[in-house]
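Residue numbers start from 1 in every chain, and the chains themselves are labelled A, B, ... in the order their sequence lines are given, proteins ahead of strands.
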Number of protein chains: 2
Amino acid sequence: MTIDPPAVKSVSEKTHTKAALPPPETNRLLCELPPDVKLRINPHLELVELKLGQVIGEAGCKMRYVYFPVDSIISLLYVMENGASAEIAVVGNDGMVGVALFMGGESTTSRAVVQSAGYAYKLFGQRLKDEFNRHGALLYLLLRYSQVLLTQMAQTAVCNRHHSIEQQLCRWLLLSIDRLPNDHLLMTQELIANMLGVRREGVTDAAGKLQRQGIINYSRGHIEVVNRKLLEATCCECYNVVKHESERLMPPGHCGKF
Amino acid sequence: MTIDPPAVKSVSEKTHTKAALPPPETNRLLCELPPDVKLRINPHLELVELKLGQVIGEAGCKMRYVYFPVDSIISLLYVMENGASAEIAVVGNDGMVGVALFMGGESTTSRAVVQSAGYAYKLFGQRLKDEFNRHGALLYLLLRYSQVLLTQMAQTAVCNRHHSIEQQLCRWLLLSIDRLPNDHLLMTQELIANMLGVRREGVTDAAGKLQRQGIINYSRGHIEVVNRKLLEATCCECYNVVKHESERLMPPGHCGKF
DNA sequence: TGTCATATGTGCGTTACCGCACATAGTGAT
DNA sequence: ATCACTATGTGCGGTAACGCACATATGACA
């Protein structure tokens, strides 16, 4: 029952033995690529382990690699001058980290932090750009994904403005477990507070309410969603808006259909 | 001295007589295009007048046209189920409205509203897509602009989370006058409140403070920035972050240099 | 000039969240 | 078993923004 940071590693290793590495297709973007693109890209993909809290992209620094999460989750976090922070968007096996590379900026104003340990496929930035500049399926796929990101950011802005900590916590939990294999996540309330840009005590309050309603169970860095339906009902509209828009923009089986 | 909605029209007409239409180059994006692209695009650009409050793109509805503002300002506004709203980003002659067209989504979850009346060049969506699909300078220019939008949205999210109404009002004023020919804007506190997603009284308070500090002058729908330096000093970091990132991503004279 | 709609000012109690201080409880290391 | 560390619980005063009600001022227009 006990899962601590080192244990996470062993769990991951157990899941992904040499005999059963998660294929690149575990990532939605890599999956949707047509065969010819895969042939060019896949040989250069490198499966890497990402540890909780690891920074894979710093604000203002040129990104050398892009990452396609398979079972890890990456937070795009904005850190202000005074140290306060806020999550801008979250990326799991539905997306990639490093859109600034093909957008032309090479860097962004936000930091990419591992929010849930796991694996990701890493690709050298120039390789991505080369394929992007062939102006084929990859370009159109990444463009659509960029719009998903845009939508998520916009919704985050709105949610920050109008919704309570409890509602935002619900949204955050839903976004997280959607990107995880089960309804169990490793995350302290302190870290969640950093993501949401609120006080730790505020998260304690909100989480307490959810626990008392039988929506979640948590203790010392573990959170389990036990009643997803109720969680969705308690959440603000923001989660559903983002989810539906993502599904609209990136329907499954889109590869080669651009 | 009196400028009301009808007067705005006459002012605009005075400025842009048949003899002196603002050229497409008044818009930064159109300006940066290399000659061959201009040759293909410009014949299809249509100068249109945009009235205050006009909706040129509705959430969830396919956009038929894209707009390149010349002296108008467009707000990307998210309207929630309960009617509350918040501005996600603002577009002036530095950008365009309708990125969803080339991103592939055809529509977004936000509404595009005219925040400041004026003119814009309108282009049929398919024309833009056609040029985009030539995979030339336009593609790379619009990608960079998309990153500017992304940055602006991210910063809006953070600003909503951490900064006071007064600071946000400063940011909003600066973003606005940067896109206007002078330091004078037509905007009631009620409308500003809608943009910022706060109460009208909150804007009254904040505006009152700024006025008492000699930073702005306002009365019945007119706001004039009289001390920009002080305004910037009173503002949060958000304005400068977005401004610098925009300048980095879209330096002048970039055309043909992709 | 008077009238009216609209924009702005102001006061009040309420709420959500903050910042801080400190108490309590799991958990790993020894 | 003990200790130290970290995560979580809780209380308290302070503050920013809210919702509401209503007062006042300004400019447009008859």
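How far CG of B:Leu175 is from CG of B:Leu180: 11.0 Å, rounded to the nearest 0.5 Å.
Regarding B:Met187, its CE atom lies at a distance of 16 Å from the C1' atom of C:dT6, rounded to whole Å. Taking atom CG of B:Leu185 as the reference point, atom P of C:dA7 lies 15 Å away to the nearest angstrom. Taking atom CD on B:Glu190 and atom P on C:dA5, their separation rounds to 17 Å, with Å as the unit. Following rounding to the nearest Å, B:Asp205 (CG) and D:dC20 (P) show an atom-to-atom distance of 17 Å. One interatomic measurement links the two molecules: NZ of B:Lys209 to C1' of D:dT15, which rounds to 11 Å at whole-angstrom precision.
No hydrogens or angles considered: a donor-acceptor pair under 3.5 Å links the side chains of B:Ser176 and B:Gln115. In this model, no donor atom of one side chain and acceptor atom of the other lie less than 3.5 Å apart for A:Thr109 and B:Glu245.
Sorted by first and then second residue, the salt bridge (Lys or Arg N to Asp or Glu O under 4.0 Å) pairs involving residues 198-222 of chain B (not counting sequence neighbours) are B:Glu166-B:Lys209. Sorted by first and then second residue, the salt bridge (Lys or Arg N to Asp or Glu O under 4.0 Å) pairs with a member in residues 111-121 of chain A read A:Glu58-A:Arg111; sequence neighbours excluded. The salt bridge (Lys or Arg N to Asp or Glu O under 4.0 Å) pairs that include a residue from residues 77-99 of chain A are A:Asp94-A:Arg179, where partners are two or more places apart or lie in different chains.
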Trace of the side-chain contact (heavy atoms from CB on, under 4.5 Å) decision for A:Thr26 with A:Tyr119: CA-CA 11 Å; A:Thr26 314; A:Tyr119 286 80; over 6 Å; no
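Here B:Asn182 pairs with B:His184 under the side chain to side chain contact (heavy atoms under 4.5 Å, CB included) rule; sequence neighbours left out.
For the contact set between residues 153-174 of chain A and DNA chain D, defined by any heavy atom under 4.0 Å, there are no members. Against DNA chain D, the stretch residues 193-203 of chain A makes heavy-atom approaches under 4.0 Å through A:Arg200, A:Glu201.
The nearest heavy atom of DNA chain D to A:Arg212 and to A:Arg220 marks one nucleotide each, and the one closer to the 5' end goes with A:Arg220.
Dashed line: the shortest gap from a side-chain N or O of B:Tyr218 to OP1 or OP2 of C:dG9 is under 4.0 Å. Phosphate contact (OP1/OP2 of D:dT6, side-chain N/O of A:Gln189, threshold under 4.0 Å): absent.
By the 6.0 Å and 45° rule, A:Lys122 stacks over the aromatic ring of A:Tyr65.
Comparing D:dT10, D:dG27, C:dT27 by their closest approach to the side chain of B:Ser219 singles out D:dG27.
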